[in-house]
Number of protein chains: 2
Amino acid sequence: MTNEFSAESLSLLKVGDIARRTGKTVRAIHLYEELGLLNPAVRSKGGFRMYRGDGVKRIEWIQKLQDMGFSLTEIKVFLRVWGESATAPKAMATVREIFTDKLRETRETIARLTRLADELSESLAFLEGCRSCDQSQHQRECGGCGRSGPDHEVPLLVDGIAKR
Amino acid sequence: MTNEFSAESLSLLKVGDIARRTGKTVRAIHLYEELGLLNPAVRSKGGFRMYRGDGVKRIEWIQKLQDMGFSLTEIKVFLRVWGESATAPKAMATVREIFTDKLRETRETIARLTRLADELSESLAFLEGCRSCDQSQHQRECGGCGRSGPDHEVPLLVDGIAKR
DNA sequence: TCAAACCCTTACGTTTACGTAAGAGTGATA
DNA sequence: TATCACTCTTACGTAAACGTAAGGGTTTGA
């Protein structure tokens, strides 16, 4: 057992504890501090960073935003904006704006990926026909086998690699 | 008009022509060559890279794969695998495998993004309630206004920023 | 033949989110 | 008090996909 229990009883965690609980590395947490994303509640007499439990939450929050595609710098702006608007409604309005934008962006990304998935499926369907392709025919001539896909056209994903 | 027409009549394009047609920069095309993704058909007497029309197709193909999340290095592997398998069916089998993996991955990404979009919506719904929040209440106390969301819980996306 | 517009090679710069290492101090435990 | 695991600061390293600049040839059309 480590010293975590005694620290925990004082509800103070060292950087390593935070790291273990969030799956992040110590270095990452240091970085977040450099960027102003998370400061320790206090420092021990010897200079150790001591965090409260909400430090874990903050990091999970950061992780969430990262997953959403925010960069650490954007997250920093996020916090700054928050701190600057004195009233709750005003701050909330800004956050709402950012979230709305990101939601739109996320949906666009989903749409794009969906199209790509369709294209992949299409290409895979086309490639099915190659199973029975004449062994003697080399791939450089692929697409000229006359057995083109459903729409009688070689998908770009396949065509691009075959030629040359 | 540039010299593109005369070159085109010989069906040879200079790197700048390729760049214009694909929206890539000359530097990018140089990079693709360094990585072995696209070689010019020939070099002019003076050393200019001269491409045939299919160079454009190759770059569009690269772009497509990049959109799908392949790195240039992965694309290189892609081409190598293709070149190494002598028969078409064998090559096709490998390509099919790669595509299948990527399709699964893409679908996972879509699922993840969908969850995030849901979370964003949820957070936005919660923030709606803040419109009428008491001005005098500072954001540091947000979440304690008693007017928590539908499930009477502050979403992590909001909670993470509010505390501290 | 001359000039404008291109192109060539070489090579260092950029951004993001950490990784890694060095040298030294700290804290809880035996 | 001796240890051993942890932590501190400082600072250079990394990977991807190009950007950018320098110094100098090449094409082409007037």
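Each chain gets a letter, A, B and so on, in the order the sequences are listed, and its residues count up from 1.
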Between D/dT26 (P) and B/Met50 (CE): distance, integer Å: 14 Å
Closest approach of A/Arg49 to A/Tyr51 (non-hydrogen atoms, all atoms of both residues): CD-OH, 3.2 Å
5' precedence on DNA chain D between B/Thr73 and B/Ser44 (nearest-nucleotide basis): B/Thr73
Distance, rounded to the nearest Å, where B/Asp17 contributes CG and D/dT28 contributes P: 11 Å
Residue whose nearest DNA chain C nucleotide is more 5′ - B/His30 or A/Ala28: B/His30
Integer-rounded Å distance: D/dA17 P and B/Ile62 CD1: 11 Å
Contact under 4.0 Å: B/Arg27 side-chain N or O vs C/dA11 OP1/OP2: no
Candidates C/dT9, D/dC18, D/dT26 - which lies nearest the side chain of B/Thr25: D/dC18
Interatomic spacing from CZ in B/Arg20 to OG1 in B/Thr25 - rounded to 0.5 Å: 13.0 Å
Sugar-phosphate only, base, or nothing, as touched by B/Leu31 at under 4.0 Å among non-hydrogen atoms: base
Length of the line joining B/Phe48:CZ and D/dG25:P, which is rounded to integer Å: 12 Å
Distance, nearest 0.5 Å, that separates CG of B/Leu65 from CD of B/Gln63: 9.5 Å
Rounded distance in Å - NZ (A/Lys14) to P (D/dC4): 17 Å
B/Glu33 CD to D/dC18 P, straight-line distance once rounded to whole Å: 15 Å
Whole angstrom value for the distance that separates P of C/dC6 from CD1 of B/Ile29: 14 Å
Closest non-hydrogen atom pair between B/Arg52 and B/Ile18, with its separation: O-CD1, 4.4 Å
Any B/Gln63 side-chain N or O less than 4.0 Å from OP1/OP2 of D/dA17: no
A/Ile75 CD1 - C/dA17 P separation (whole Å): 8 Å
Given D/dT9, D/dA17, D/dT27, the nucleotide with the shortest approach to the side chain of B/Ser71: D/dA17
N or O in side chain of A/Tyr32 less than 4.0 angstrom from C/dA17 OP1/OP2: no
Most 5' of A/Lys45 and A/Lys24 on DNA chain C, judged by nearest nucleotide: A/Lys24
Pairing of B/Glu105 and B/Lys102 as salt bridge, 4.0 angstrom limit: yes
C/dC7 phosphate, OP1 or OP2, under 4.0 Å from B/Arg49 side-chain N/O: no
Nucleotide of D/dT27, D/dT20, C/dC7 approaching B/Val15 most closely (side-chain heavy atoms): C/dC7
